[in-house]
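Chain identifiers are assigned alphabetically (A, B, ...) following the order of the sequence lines, protein sequences preceding nucleic acid strands; residue numbering begins at 1 within each chain. On a predicted model such as this, the values are computed, not experimentally measured, just so you know.
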2 protein chains.
Amino acid sequence: MDELLKELRAKGYKMTPQRRAVITALLECGKFPTAQQLLAKVKQAAPDVSLDTIYRNLSLLIDLGLVNEIHLPGRGNVFELTTNQHHHHLVCVRCGKAECLDYCPVSAQDLEKAAEQGFEIISHSLEFYGYCRSCRLAG
Amino acid sequence: MDELLKELRAKGYKMTPQRRAVITALLECGKFPTAQQLLAKVKQAAPDVSLDTIYRNLSLLIDLGLVNEIHLPGRGNVFELTTNQHHHHLVCVRCGKAECLDYCPVSAQDLEKAAEQGFEIISHSLEFYGYCRSCRLAG
DNA sequence: ATCCTAAATAGTAATACTACTATTTACAAT
DNA sequence: ATTGTAAATAGTAGTATTACTATTTAGGAT
């Protein structure tokens, strides 16, 4: 938490109660909250907060690499704080559940390939889609 | 085109004029149309088509692996027909343009790693985000 | 050609997400 | 402590996407 605040401070961003509440909500919700769930949580601390504020702050945190956005096809997006361990996600297309995959197949060589096309890569997003254990067993 | 129709036929899906128009629109729009652009194109052939139909058919084609959905953060999604060559995309976070990257870093070993967690993987989505050549030159 | 049934559709409603504007506020400089 | 300024916010509006329902239709069986 303190690390996040320090990082924002260092980049010249202001620390408002709403922003603090969004970060707190991310910490407390833990596993993959939706924007609506975050809004509900934040409202406990700041009842007048607008949904716009949730998305604006999420967007900022994503741009800074402090939050990951995970796309659940047909179910919207969910979020998580970036841990020190860069990783990706397995998403079940049947029940919509997400699991972490502590692994990243993207190498420095891959980024060079992209650079050959003139791109300067700053991040990437990778999700695997399939059927989770329980959905496979359930048929 | 004929290949697409054959594949749909084989899986028991019906071939309606609207569905045909959606596929035609995907072929004609070529490079990364949005859902709205596809709707406009399809309306030329079928004026009463609903947006729902566009999304429903895109969704089906995506599930069958015949269409890719590319997420442009803060700009919605765009689509493309899957070519015979599996690939991913570079997306410029400044101007929103997408380019193909004829390359995929995901190997069979990576999929095995996922399987260890009980998942049966059927697809994956990978996008690289950064700055394209012209945006880098423009500062 | 007619009938049957599940798939597909149009139209509408609901939800998710983004954009805009006037006002407020953090925080740095005085 | 006061002031100035750009960032951030609430509230609202607009766009994107998904869900629901009654009706229509493609395509196989008769």
B:Leu38 atom CG is separated from D:dT17 atom C1', nearest whole Å, by 14 Å
_Whether over 12 other heavy atoms sit under 6.0 Å from A:Phe32 CZ_ = yes
Here the distance between atom P of D:dA10 and atom NZ of A:Lys43, to the nearest Å, is 10 Å
| message | Over all strands shown, is B:Arg56 touching base, sugar-phosphate only, or nothing at heavy-atom distances under 4.0 angstrom? | response | base
Exercise. Side-chain donor-acceptor pair under 3.5 Å between B:Ser59 and B:Arg56, yes or no?
Worked result: no
Contacts of B:Tyr55 and B:Arg9 projected onto DNA chain D by closest heavy atom; the upstream (5') one is B:Tyr55
| request: State, yes or no, whether a side-chain contact exists between B:Glu127 and B:Ile70 at a heavy-atom distance under 4.5 Å. | output: yes
Query raised in the report: Using a cut-off of 4.0 Å on non-hydrogen atoms, how would the nucleic acid contact of A:Asn57 be classed: base, sugar-phosphate, or nothing?
Result: sugar-phosphate
Exercise for review: May I have the step-by-step check of side-chain contact (heavy atoms from CB on, under 4.5 Å) for B:Leu126 and B:Cys104, ending in yes or no?
Suggested key: CA-CA 9 Å; B:Leu126 170 60; B:Cys104 175; 5.7 Å; no
Of D:dA8, C:dT9, D:dA10, the nucleotide closest to the side chain of B:Thr16 is C:dT9
(Q) Could you check whether A:His71 and A:His89, counting side-chain N and O atoms only, form a donor-acceptor pair closer than 3.5 Å? (A) no
- Query: Does the side chain of B:Gln36 get closer than 4.0 angstrom to OP1 or OP2 of D:dT15 through an N or O atom?
  - Reply: no
The residue, A:His71 or A:Arg19, whose nearest nucleotide of DNA chain D is more 5′ is A:Arg19
- Message: Please tell me if B:Gln18 has a side-chain N or O lying less than 4.0 Å from either OP1 or OP2 of D:dT25.
- Response: no
Separation of D:dT24 atom P from B:Asp48 atom CG, nearest Å, is 14 Å
In whole angstroms, the gap separating P of C:dC27 from CG of A:Leu8 amounts to 11 Å
Taking any heavy-atom pair under 4.0 Å as a contact, classify B:Ser50: base, sugar-phosphate, or nothing.
base
Q.
I'd like to know if B:Glu28 pairs up with B:Lys41 as an ion pair, taking the criterion as any Lys NZ or Arg NE/NH1/NH2 lying under 4.0 Å from an Asp or Glu carboxylate oxygen.
A. yes
Rounded to whole Å, CD of A:Gln37 lies from P of C:dT15 at a distance of 15 Å
| Hey, does A:Gly74 reach any base, or is it just sugar-phosphate, or nothing, if we go heavy atoms under 4.0 Å? | sugar-phosphate
Separation of C:dA7 atom C1' from B:Lys11 atom NZ, nearest Å, is 17 Å
Comparing nearest nucleotides in DNA chain C, the 5'-proximal residue of the pair B:Leu72, A:Pro17 is B:Leu72
A:Leu39 atom CG is separated from C:dC17 atom C1', nearest whole Å, by 13 Å
Among C:dA6, D:dT9, D:dA16, the one nearest any side-chain atom of B:Lys14 is C:dA6
Tell me whether the side-chain N/O atoms of A:Asn77 come closer than 4.0 Å to OP1 or OP2 in C:dA16. no
Rounded to whole Å, CD1 of A:Ile23 lies from P of D:dA8 at a distance of 12 Å
Exercise for review: May I ask you to verify whether the side chain of B:Asp52 and the base of D:dC20 hold a donor-acceptor pair under 3.5 Å?
Suggested key: yes
